[in-house]
Amino acid sequence: MRIATYNVNGINARLPVLRWLSETAPDVVCLQELKALQDRFPIGAIEDAGYRAIWKGQKSWNGVAILTRCTEFQEIRRLLPSDDADEQSRYLEALVDGVLIGCLYLPNGNPAPGPKFDYKLRWFDRLTQHAARLLATQTPVILADDFNVIPTELDASNPQRWLHDALFRPESRAAYEQLLASGWIDSLRQLTPTERFYTYWDYFGRAYQRNDGLRIDHLLVNAPFADQVVDGGVDQWVRGWEKTSDHAPAWIKLAL
DNA sequence: ATGGCGACAGTTTGTCGA
């Protein structure tokens, strides 16, 4: 089973998403930043591409979706627990052929410090609490995300530039480390322990052409199933297409 | 700390993202 995560930066501005789907055909796809109301999700085009989908839209911002070509496809939850007042569309969870898939879009958190950074850390705490419950299941679990966290200095072309940014501040990195320590493996980093590679390049200044990027989109797997991850990578060339997102798709392949 | 660029809302400028 091949599982991909892709922050599309506006699903309706992104015809390249359909091209990427048809050319790479992942079994499961987690999308973030739909930037579309619920009834503006292009379900017809997605189905024409061979996928079923569940999605959670929102006006202007955020929005997440899970797409699959697999047989078993059951929505589990549409909200991250512990804050009923949180109205931002950032979490979806589904069971796909025996694998529990969490699709999430962690808040950016800038400017930091400030209320947006506080919201990011609170959201992260709720995620870590929920992830602990998921660890109790005996099934493989994949958390596929735009995490908006640069985990280490190996994950940015110029780490110094991001020292005071919400993506790289000590609190954000500590929250990510704490989540991993609670029983999760950063699967792409496990496959490629020492090389720099990125999933995001800013639109400005020909950042992609200069390979001035960040690794902020991650696929976490619960530790007991980490040895099932047999391959993975970033479909980096998609970032070079016209009218493309500022992120590139990242994916892993599970042996099961 | 700013810059710079792109999407969206809904009108021409503001907000947000990373």
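Quick note on labels: first sequence line is chain A, next is B, and so on, each numbered from 1. This one's a predicted model, so the numbers in the text were calculated from it and none came from an experiment.
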Taking the side chain from Arg14(A) and the backbone from Val8(A), do they hold a donor-acceptor pair closer than 3.5 Å?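 Confirmed, Arg14(A) side chain pairs with Val8(A) backbone.
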
Donor-acceptor check, side chain of Asp97(A) to backbone of Glu72(A), threshold 3.5 angstrom: yes or no?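 Between the backbone of Glu72(A) and the side chain of Asp97(A) there is a qualifying donor-acceptor contact (under 3.5 Å).
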
How close or far is atom [atom2] of [N] from atom [atom1] of [X], stated in whole angstroms?
| X | N | atom1 | atom2 | result |
| --- | --- | --- | --- | --- |
| Gln88(A) | dC8(B) | CD | C1' | 16 Å |
| Tyr200(A) | dC16(B) | OH | P | 17 Å |
| Leu37(A) | dA7(B) | CG | P | 18 Å |
| Asp212(A) | dG3(B) | CG | P | 18 Å |
| Glu33(A) | dC8(B) | CD | C1' | 11 Å |
| Leu163(A) | dT2(B) | CG | P | 17 Å |
| Gln209(A) | dC5(B) | CD | P | 13 Å |
| Asp165(A) | dG3(B) | CG | P | 15 Å |

Look at all strands and tell whether [X] reaches a base, only sugar-phosphate, or nothing, counting heavy atoms closer than 4.0 Å.
| X | value |
| --- | --- |
| Tyr105(A) | sugar-phosphate |
| Asn108(A) | base |
| Asn62(A) | nothing |
| His164(A) | nothing |
| Arg206(A) | nothing |
| Asn7(A) | sugar-phosphate |

When the [atom1] atoms of [N] and [M] are considered, how many whole Å apart are they?
| N | M | atom1 | value |
| --- | --- | --- | --- |
| dG6(B) | dA18(B) | C1' | 12 Å |
| dG3(B) | dG17(B) | C1' | 14 Å |
| dT13(B) | dA1(B) | P | 30 Å |
| dC8(B) | dG4(B) | P | 23 Å |

Along DNA chain B (nearest heavy atom to each residue), the more 5'-positioned of Ala13(A) and Gln160(A):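 Here Gln160(A) is the residue nearer the 5' end.
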
With DNA chain B as reference, determine whether Gly109(A) or Leu34(A) sits nearer its 5' end, using the nearest nucleotide of each.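 Its nearest nucleotide lies further toward 5', so the answer is Leu34(A).
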
Quick one: sort the Phe147(A) and Phe124(A) rings into parallel, tilted or perpendicular, breaks at 30° and 60°.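 Tilted, since the angle between the ring planes falls between 30° and 60°.
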
Closer than 4.0 Å, any side-chain N/O of [X] to the OP1 or OP2 of [N]?
| X | N | answer |
| --- | --- | --- |
| Lys243(A) | dA7(B) | yes |
| Lys116(A) | dG17(B) | yes |
| Arg14(A) | dA7(B) | yes |

Apply ring pair (Phe, Tyr, Trp, His ring centres under 6.0 Å) to residues Tyr208(A) and Trp201(A) and explain how you reach the verdict. CA-CA 5 Å; Tyr208(A) 178 64; Trp201(A) 299 260; 5.1 Å; yes

Quick one: does NZ or CZ of Arg78(A) land under 6.0 Å from the six-membered ring centre of Tyr91(A), within 45 degrees of the ring axis?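 So Arg78(A) doesn't make the cation-pi contact.
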
Do the two ring centres, one from Trp251(A) and one from Tyr6(A), sit under 6.0 Å apart?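 No.
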
Between the base of dA7(B) and the side chain of Asn9(A), is there any donor-acceptor pair under 3.5 Å?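 No, no donor-acceptor pair under 3.5 Å.
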
From C-beta outward on Arg161(A), which listed nucleotide comes closest to its side chain: dA1(B), dG17(B), dT15(B)?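 Of the candidates, dA1(B) comes closest.
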
